[in-house]
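Data block below; observations after.
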Amino acid sequence: MDVSKIYGKIQFVDSFPDYKVKVVTSFPDLKVQKVDSFADEVGKWQIVDSFPDFKIQIVDSFEDFKIEYVTSFPGLP
């Protein structure tokens with residue numbers, strides 16, 4: 001899976017996600033920065049309630065990939 005393509009408008013869901021994600025504090029597959037607009041590059045996520053590019057479910061195990069929230073330098077580690 002190419003996690004570098006997962007950016008843009010993200011909706012958090014409890015069921016039927018596109019991807020299951022685990023939030024970690026070290027060794028992520030993708031560093032994510034939450035933004036209010038211009039989520040147009042790797043690691044930038046704009047959280048929305050409708051019309052998402054991707055639906056994400058936060059899980060504790062059996063994740064598709066791991067993310068770490070950052071305030072700067074989002075993208076691949």
Side-chain angles (χ1 to χ4, degrees):
M1 172 189 336
D2 186 1
V3 296
S4 68
K5 294 185 186 273
I6 302 172
Y7 61 88
K9 294 180 178 175
I10 305 295
Q11 180 179 9
F12 290 116
V13 296
D14 294 325
S15 56
F16 306 109
D18 295 320
Y19 298 103
K20 294 181 179 181
V21 172
K22 181 176 183 178
V23 179
V24 297
T25 55
S26 57
F27 304 110
D29 298 313
L30 181 66
K31 292 184 177 182
V32 170
Q33 179 181 6
K34 291 182 182 177
V35 296
D36 294 327
S37 58
F38 302 109
D40 54 0
E41 53 188 67
V42 178
K44 291 193 175 181
W45 288 12
Q46 180 181 354
I47 309 305
V48 297
D49 293 324
S50 56
F51 306 109
D53 296 321
F54 297 100
K55 294 179 184 173
I56 300 290
Q57 181 179 5
I58 302 296
V59 296
D60 292 325
S61 56
F62 305 108
E63 69 276 357
D64 295 316
F65 62 95
K66 296 178 228 163
I67 65 166
E68 177 183 0
Y69 288 119
V70 296
T71 55
S72 57
F73 305 109
L76 300 174

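Under the ring-ring contact (aromatic ring centres under 6.0 Å, His included) criterion, F12 pairs with no residue at all, not counting sequence neighbours.
Side-chain contact between D64 and V21 is absent, with no heavy-atom pair separated by less than 4.5 Å.
Under a hydrophobic clustering in which Ile, Leu, Val, Met, Phe, Trp and Tyr are joined whenever their side-chain heavy atoms come within less than 4.5 Å, directly or via other members, V70 and I67 fall into different clusters. Hydrophobic clustering, with ILVMFWY side chains joined whenever heavy atoms are under 4.5 angstrom apart, keeps I10 apart from V59. Taken together through direct or relayed side-chain contacts under 4.5 Å among Ile, Leu, Val, Met, Phe, Trp and Tyr, V48 and V35 form parts of separate hydrophobic clusters. The hydrophobic cluster containing I56 also contains M1, counting ILVMFWY residues as joined when their side-chain heavy atoms lie under 4.5 angstrom apart, directly or transitively. By the criterion of side-chain heavy atoms lying less than 4.5 angstrom apart, applied directly or through intervening Ile, Leu, Val, Met, Phe, Trp or Tyr residues, V13 is not grouped with Y7; the two fall into different hydrophobic clusters.
Within the structure, ring pair (Phe, Tyr, Trp, His ring centres under 6.0 Å) contacts touching residues 58-77 (residues at least two apart or in different chains) are Y19-F65. Within the structure, salt bridge (Lys or Arg N to Asp or Glu O under 4.0 Å) contacts touching residues 4-23 (residues at least two apart or in different chains) are D2-K5. Every pair tested for side chain to side chain donor-acceptor pair (under 3.5 Å) that includes a residue from residues 29-53 fails, sequence neighbours excluded, so the list is empty.
Scanning both residues, V3 and L30, for their nearest heavy atoms gives O-CD2, 3.8 Å. Closest heavy-atom contact between S4 and V42: O-CG2, 3.3 Å. For P74 against G43, the heavy-atom pair with the smallest separation is CB-O, 3.6 Å. Counting all heavy atoms, side chain and backbone alike, P77 lies closest to P28 at CG-O, 3.1 Å.
Remark: F51 CZ to Q11 CD distance equals 10.0 Å, nearest 0.5 Å. To the nearest 0.5 Å, atom CD1 of residue I58 and atom CD of residue E63 are 10.5 Å apart.
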